[in-house]
Amino acid sequence: MKSIAALQAVVTATPFDGEPTAAELDAIETEMPLILADVDLLDAQIMTIDRTPTELDQQRIRRARRRVLATRRDLANRAATLTVSGGAA
């Protein structure tokens, strides 16, 4: 019986080591405030899945939504600033 094995050279030049690159880690660190704000919003929504939300629950959800939107705005403004300053140089 013949064994089935790759007779060609490896397609990728460098093997994948499973670790994120420095650029990927920087991107995660930059987006971490948004990730945490999204988690807070999900926590607030999950608490009210099986019951009618009280006024306090609704206030918590609104506050979490505002935090998500503010964080998205800040990230978008930062990206736009970097794009404008990077393009002008």
Side-chain angles (χ1 to χ4, degrees):
M1 176 165 203
K2 291 184 178 182
S3 64
I4 301 174
L7 300 176
Q8 298 175 348
V10 178
V11 175
T12 55
T14 57
F16 178 67
D17 62 359
E19 296 295 323
T21 64
E24 291 170 334
L25 289 174
D26 288 341
I28 292 170
E29 185 176 339
T30 301
E31 292 181 3
M32 188 54 70
L34 179 58
I35 294 167
L36 294 175
D38 281 332
V39 168
D40 287 344
L41 177 57
L42 284 172
D43 284 345
Q45 291 170 335
I46 288 170
M47 286 178 52
T48 62
I49 284 177
D50 60 346
R51 62 183 168 90
T52 304
T54 64
E55 182 59 36
L56 188 61
D57 292 331
Q58 292 174 351
Q59 184 179 22
R60 183 175 182 214
I61 291 170
R62 283 193 306 267
R63 189 178 307 125
R65 279 190 185 131
R66 285 193 302 266
R67 183 175 169 213
V68 167
L69 291 173
T71 307
R72 285 182 183 168
R73 179 198 62 218
D74 293 343
L75 286 174
N77 287 341
R78 186 179 311 148
T81 302
L82 292 175
T83 302
V84 170
S85 65

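Note that the structure is predicted; figures quoted are calculated from it, not measured.
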Going by atom type alone, with no hydrogens or angles, which donor-acceptor pairs under 3.5 Å involve a side-chain atom of residues 20-35 and a protein atom two or more places apart or on another chain?
{"from": "Thr21", "atom 1": "OG1", "to": "Glu24", "atom 2": "N", "distance (Å)": "3.2"}
{"from": "Glu24", "atom 1": "OE1", "to": "Thr21", "atom 2": "N", "distance (Å)": "2.9"}
{"from": "Thr30", "atom 1": "OG1", "to": "Asp26", "atom 2": "O", "distance (Å)": "2.8"}

Hey, could you give me the CG/CZ distance between Asp38 and Arg72, rounded to the nearest 0.5 Å?
5.5 Å
Salt bridge (charged side-chain N to carboxylate O under 4.0 Å, His left out) involving Arg63 - partner list, sequence neighbours excluded
none
Name every donor-acceptor pair, under 3.5 Å, that has one atom in a side chain of residues 40-52 and the other anywhere in the protein, sequence neighbours excluded.
{"from": "Asp40", "atom 1": "OD2", "to": "Arg67", "atom 2": "NH1", "distance (Å)": "2.1"}
{"from": "Thr48", "atom 1": "OG1", "to": "Gln45", "atom 2": "O", "distance (Å)": "3.0"}
{"from": "Arg51", "atom 1": "NE", "to": "Met47", "atom 2": "O", "distance (Å)": "3.3"}
{"from": "Arg51", "atom 1": "NH1", "to": "Asp57", "atom 2": "OD2", "distance (Å)": "2.5"}
{"from": "Arg51", "atom 1": "NH2", "to": "Asp57", "atom 2": "OD2", "distance (Å)": "3.4"}

